[in-house]
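Numbering starts at 1 and runs along the sequence shown. Here the structure is a predicted model, which is why all the values come from computation and not from measurement. Whatever order the structure lists them in is the order used to number ligands and atoms, beginning at 1.
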Amino acid sequence: MEGLGKSYGEKLLFDDLSFEIRRGNRIVVLGSNGSGKSTLLKVLTGEEQPDTGDVAWAKGPGFVSYNQMLADLDDADTVSHAVNALPDSLAFSATRKSVNRFLAMFQFSEADLKQKIGNLSGGQKARVAMAQCLLSGASVLLLDEPTNHLDMSSTQVMERALVHFPGAVVVVSHDRFFSEKIANRHLVFGAVGAAPGEIDVRAA
Ligand SMILES: Nc1ncnc2c1ncn2[C@@H]1O[C@H](COP(=O)(O)OP(=O)(O)O)[C@@H](O)[C@H]1O
Ligand SMILES: [Mg+2]
């Protein structure tokens, strides 16, 4: 990310922001409400264009948006189908047994796998979307407040998945407990002493 800048009208969200995302980075994005965290994630995914600067992704498996996965879940689908029928899913080349073992780590029993997405709790849907993200083969996971309204055990599943993810993670979170476990880098909007639009990029 090189020289990124974005304003809405008079409101400057970020200016001349440069950083790299590298394998093993788990970047937690912090800042008050309305500071521009979600907009930054949208600029990374290409949903929003920056006013200045460029986003360049390395060739290869690319990124996946957890929030997009969650939004795209089909209520009429079963858990098992949602995970197995994902385009380019790593599940294609795995045995059913190993996929089920993988899903057991997301706390889905054999019986749960036959459930319709529409009948799942918020925590269960979150875990389906996270499982899909990991099976997508993407090398970067982008997540905007993934633990909002999640139960404790689903939050722990998310935490573990992110900490053990072999690629890179960029996650916006207000949940201190969660983000302290995940973060090895921080991107901080409006750090003390920062100029408007200045983002502090630092190690955790
Ligand atoms: N599409 C948009 N058009 C105009 N203003 C926007 C748009 N998206 C966000 N904003 C404004 O930009 C600011 C930052 O929003 P956002 O990135 O959602 O903040 P955060 O995620 O940090 O809470 C807010 O003041 C919000 O109202
Ligand atoms: Mg937001």
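In this structure, Gly31 falls outside the shell of residues with a heavy atom less than 4.0 angstrom from ligand 1.
Annotation for Ser154 and Arg127: closest pair OG-NE, 3.0 Å, computed over non-hydrogen atoms. When all heavy atoms of Gly123 and Asp151 are compared, the pair lying nearest together is CA-OD1, 3.5 Å. The shortest heavy-atom contact between Phe14 and Gly36 is CE2-O, 4.0 Å.
In terms of protein heavy-atom proximity, atom 10 (N) of ligand 1 is nearest to Tyr8 CD1, 3.4 Å. The protein atom (non-hydrogen) at minimum distance from atom 18 (O) of ligand 1 is Ser38 CB, 3.7 Å. What sits closest to atom 15 (O) of ligand 1 on the protein, heavy atoms only, is Thr39 OG1, 3.8 Å. Taking atom 23 (O) of ligand 1 as the reference point, the nearest protein heavy-atom neighbour is Gly34 N, 2.7 Å.
Counting only heavy atoms from C-beta outward, the side chains of Thr78 and Leu113 never approach each other to under 4.5 Å. Contact check for Val201 versus Ile27: no side-chain heavy atoms found under the 4.5 Å cut-off. Side-chain contact between Lys125 and Leu70: present, with at least one pair of heavy atoms (C-beta onward) separated by less than 4.5 Å. The side-chain heavy atoms of Val170 and Val29, taken from C-beta on, include a pair separated by under 4.5 Å.
Close contacts between ligand 1 and Ser32 involve ligand atoms 22 (O) [criterion: under 4.0 Å to a heavy atom]. Near Asn33, with a cut-off below 4.0 Å to any heavy atom, the atoms of ligand 1 are 23 (O). When each atom of ligand 1 is checked for a heavy atom of Lys11 under 4.0 Å away, the hits are 13 (C), 25 (O).
For atom 21 (O) of ligand 1, a protein heavy-atom neighbour is present inside the 4.0 Å cut-off.
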Going through the checks in order, is the side-chain contact (heavy atoms from CB on, under 4.5 Å) test met by Leu143 and Leu162?
-> CA-CA 10 Å; Leu143 310 95; Leu162 294 183; 3.9 Å; yes
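For Lys37, a nitrogen or oxygen atom sits less than 3.5 Å from a nitrogen or oxygen atom of ligand 1, counting backbone and side chain alike.
Between the Mg ion (ligand 2) and Ser38 there is an N/O/S contact shorter than 2.8 Å.
Relative ring orientation between Trp57 and Phe63 is described as tilted, the plane-to-plane angle lying within the 30° to 60° band.
Of the heavy atoms in Leu40, none comes closer than 4.0 Å to ligand 1.
Distances from atom 19 (O) of ligand 1 to the heavy atoms of Gly190, Ser7, Gly36 put Gly36 nearest.
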